[in-house]
Amino acid sequence: MGPSSGYHPAVEEYLETILELEESGIPPMRARIVERLGVSAPAVSETVKRLEREGYLVLDERRCLRLTDTGRRYATSIMRRHRLAERLLVDVLHVPWSEVHEEAGRLEHAISPRLETYLVRLLGDPGTCPHGNPIPGSANFHDDGPLVPLAAVTAGKAAVVRRIDERLESQYERMRALESGGLLPGCQFTVTAVEADAMQLRVDGEDVRVPIPVAVNVYVTAA
Ligand SMILES: [Zn+2]
């Protein structure tokens with residue numbers, strides 16, 4: 001079994017979600033999949049059992065889902081196709097930055113290894129998705145050094161946006177607010193104030209308010 005053996009959206013969604021949870025530093029437990037995919041707990045248990053039977057993952061002694069080598073290879077290929085699809089949508093089709101995550105979630109399952117080769121060539125083997133997340137296997141990924149959540153930056157400090165965590169990408173109101181505030185990867189800003197429920201930033205001469213639940217999912221480096 002593998003990415004070229006057919007069309008398995010449920011399997012692909014689960015494996016991709018586990019990899020995204022790891023990327024967010026969240027222990028991949030079944031309850032987290034319930035939250036992220038919006039499916040019932042019994043349905044998740046059922047599919048996890050199937051994935052275990054098929055050799056994609058194991059449940060460790062702490063009830064965390066651990067990808068096997070096969071599972072990790074498969075999950076990585078889906079994450080790669082998702083992020084390439086996002087680049088295609090933004091760079092070529094000019095779909096708004098805040099909206100491409102969902103469309104890419106549909107496209108990713110339809111991209112064959114052969115089509116992927118053409119995509120990589122057209123897009124110039126990009127290092128990251130439009131939200132700054134690394135595209136696995138790209139020769140052009142450039143490491144910006146250790147990233148910190150925006151929420152950890154103190155007032156008076158300047159920083160640069162590097163990546164928007166996948167878990168924020170499906171929250172469209174929040175993504176639109178980031179887009180209209182200009183807080184895209186590469187954008188430099190200064191923190192002017194930190195309040196109980198939000199941060200005040202100065203971006204390109206404009207004041208932008210970022211709620212804390214957003215600020216914990218935006219990763220930055222010092223400017
Ligand atoms: Zn995405």
Side-chain angles (χ1 to χ4, degrees), residues 3 7-26 28 32-39 67 71-113 115-116 119-120 122-138 140-144 147 149-150 161-187 210-211 213-220:
Y7 185 63
H8 304 287
V11 170
E12 296 193 346
E13 285 301 316
Y14 277 65
L15 296 177
E16 185 180 28
T17 301
I18 293 167
L19 202 56
E20 286 175 11
L21 287 166
E22 288 183 4
E23 189 175 62
S24 309
I26 299 169
R32 300 292 87 73
I33 297 189
V34 169
E35 290 160 9
R36 286 235 183 166
L37 296 181
V39 278
L67 295 169
R72 184 167 302 279
R73 250 193 322 273
Y74 196 175
T76 303
S77 82
I78 304 148
M79 179 179 269
R80 175 171 161 80
R81 283 179 274 149
H82 175 86
R83 293 178 178 174
L84 283 169
E86 288 185 332
R87 276 250 88 100
L88 173 74
L89 293 167
V90 169
D91 297 357
V92 180
L93 302 180
H94 306 300
V95 178
W97 179 89
S98 55
E99 291 172 18
V100 293
H101 172 77
E102 189 186 4
E103 294 293 346
R106 279 192 283 270
L107 272 179
E108 68 197 24
H109 307 294
I111 298 171
S112 66
L115 180 56
E116 185 184 306
L119 262 182
V120 168
L122 171 74
L123 299 168
D125 190 19
T128 67
C129 80
H131 311 110
N133 292 306
I135 296 179
S138 166
N140 295 314
F141 177 66
H142 162 83
D143 191 349
D144 298 307
L147 306 184
L150 167 56
V161 176
R162 295 300 179 187
R163 73 174 198 90
I164 314 296
D165 197 89
E166 291 280 353
R167 74 184 130 168
L168 195 63
E169 289 181 24
S170 50
Q171 302 174 33
Y172 295 103
E173 288 306 319
R174 289 173 165 176
M175 289 297 282
R176 260 193 294 277
L178 282 178
E179 189 171 30
S180 61
L183 285 168
L184 273 55
C187 157
V210 179
V214 173
V216 295
N217 288 311
V218 173
Y219 289 85
V220 306

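In listed order, ligands and their atoms are each counted from 1.
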Side-chain donor-acceptor contact under 3.5 Å, D165 with S24: yes
Note, E16 side chain near R81 side chain (heavy atom, < 4.5 Å):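 SC-SC contact between E16 and R81 ruled out.
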Centroid separation H101 to H131 less than 6.0 Å: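 No, too far apart.
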E166 atom OE1 and H82 atom NE2 as seen from the Zn ion (ligand 1), angle to 10 degrees: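 Value, to the nearest 10 degrees: 100°.
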Geometric cation-pi criterion R162 and Y219, 6.0 Å radius, 45° cone: no
Closest to the Zn ion (ligand 1), which N/O/S atom of [X] is it?
X    : value
H101 : ND1
E86  : OE2
E169 : OE1

